Structures are given as C-alpha cells and as structure tokens.
*Asks:* 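Dropping a structure here in structure tokens format, bear with me for questions.
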Amino acid sequence: RSDLEAAIAAARSGGRIVTGLTLQLEMAALELRAGNASRARATAAKVAETAHPLGLAGLAQAATNLRAEAARRPMG
C-alpha cells in the first residue's frame, strides 16, 4: 500500500494525470479487497469525477464500475 501511495504522489508531482488516476483506481481496488468498501467507494468516485471531464471515458467507467461493486459490499 505504501508503495502505491508513493507512486500516486510521484505521478501527481510529475503531472502524469492518467497514471495517477489509474494508480488511484488500483488503490480503490486494493481497499475493496481489504474489506474497506467505504474508502474504495470514495476513491473510485473521485477518480470517476476527475476522469470524466478529461475525456477519459474508459477510466471513468472502470471507476464507476468499481464504485458500484463497492456499494454492494458491507460498509467497512
């Protein structure tokens, strides 16, 4: 998890928006697998809200799908 957080920070600081969003989505998936559905939902929502206006439809859809999957899981 800490490696992923460091990679997200590096992507942000380097202006690599798509890479950063992709890594954030991976973080959301990791949170979901770890049983933290509420954090996964929040992260996926943020990715979708950022990706959509940038025209990153595939990434936005993947985030929306993950958010929906997290919504079906118990809060945690």
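This is a predicted model, so every value here is computed, not measured.
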*Asks:* Where do Ala48 and Pro53 come nearest, in terms of heavy atoms and distance?
*Replies:* O-CD, 4.4 Å
*Asks:* Could you tell me which non-hydrogen atom of Gly20 sits nearest to which non-hydrogen atom of Ile8, and how far apart they are?
*Replies:* O-CG1, 4.5 Å
*Asks:* Charged N to carboxylate O under 4.0 angstrom, Arg33 versus Glu26?
*Replies:*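 Yes, charged N to carboxylate O under 4.0 Å.
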*Asks:* Which atoms form the tightest heavy-atom contact between Ala40 and Leu66, and what is the distance?
*Replies:* O-CD2, 4.2 Å
*Asks:* How close do Leu59 and Val18 get, counting heavy atoms only, and between which atoms?
*Replies:*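 The answer is CD2-O, 4.4 Å.
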*Asks:* Minimum heavy-atom separation for Ala11 to Thr19, with atom names?
*Replies:* CB-CG2, 4.1 Å
*Asks:* Ignoring hydrogens and angles, state whether a donor on the side chain of Glu69 or Asn65 is under 3.5 Å from an acceptor on the partner side chain.
*Replies:*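 No, no side-chain donor-acceptor pair sits under 3.5 Å.
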*Asks:* Take atom CG in Leu4; do more than 12 heavy atoms of anything else shown fall under 6.0 Å from it?
*Replies:*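 It does: Leu4 CG has more than 12 such atoms within range.
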*Asks:* Do Arg12 and Gln24 have side chains that get closer than 4.5 Å, going by heavy atoms?
*Replies:* yes
*Asks:* In the single-linkage hydrophobic clustering (I, L, V, M, F, W, Y; side-chain heavy atoms under 4.5 Å), do Met27 and Leu23 co-cluster?
*Replies:*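 Met27 clusters together with Leu23.
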*Asks:* How many angstroms lie between atom OG1 of Thr22 and atom CD1 of Ile17, to the nearest 0.5 angstrom?
*Replies:* 11.5 Å
*Asks:* If you take all heavy atoms of Ala37 and Arg73, which pair is closest and at what distance?
*Replies:*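 Shortest heavy-atom contact: CB-CB, 3.9 Å.
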*Asks:* Going from OG1 on Thr43 to CZ on Arg67, what distance comes out if it is rounded to the nearest 0.5 angstrom?
*Replies:* 11.0 Å
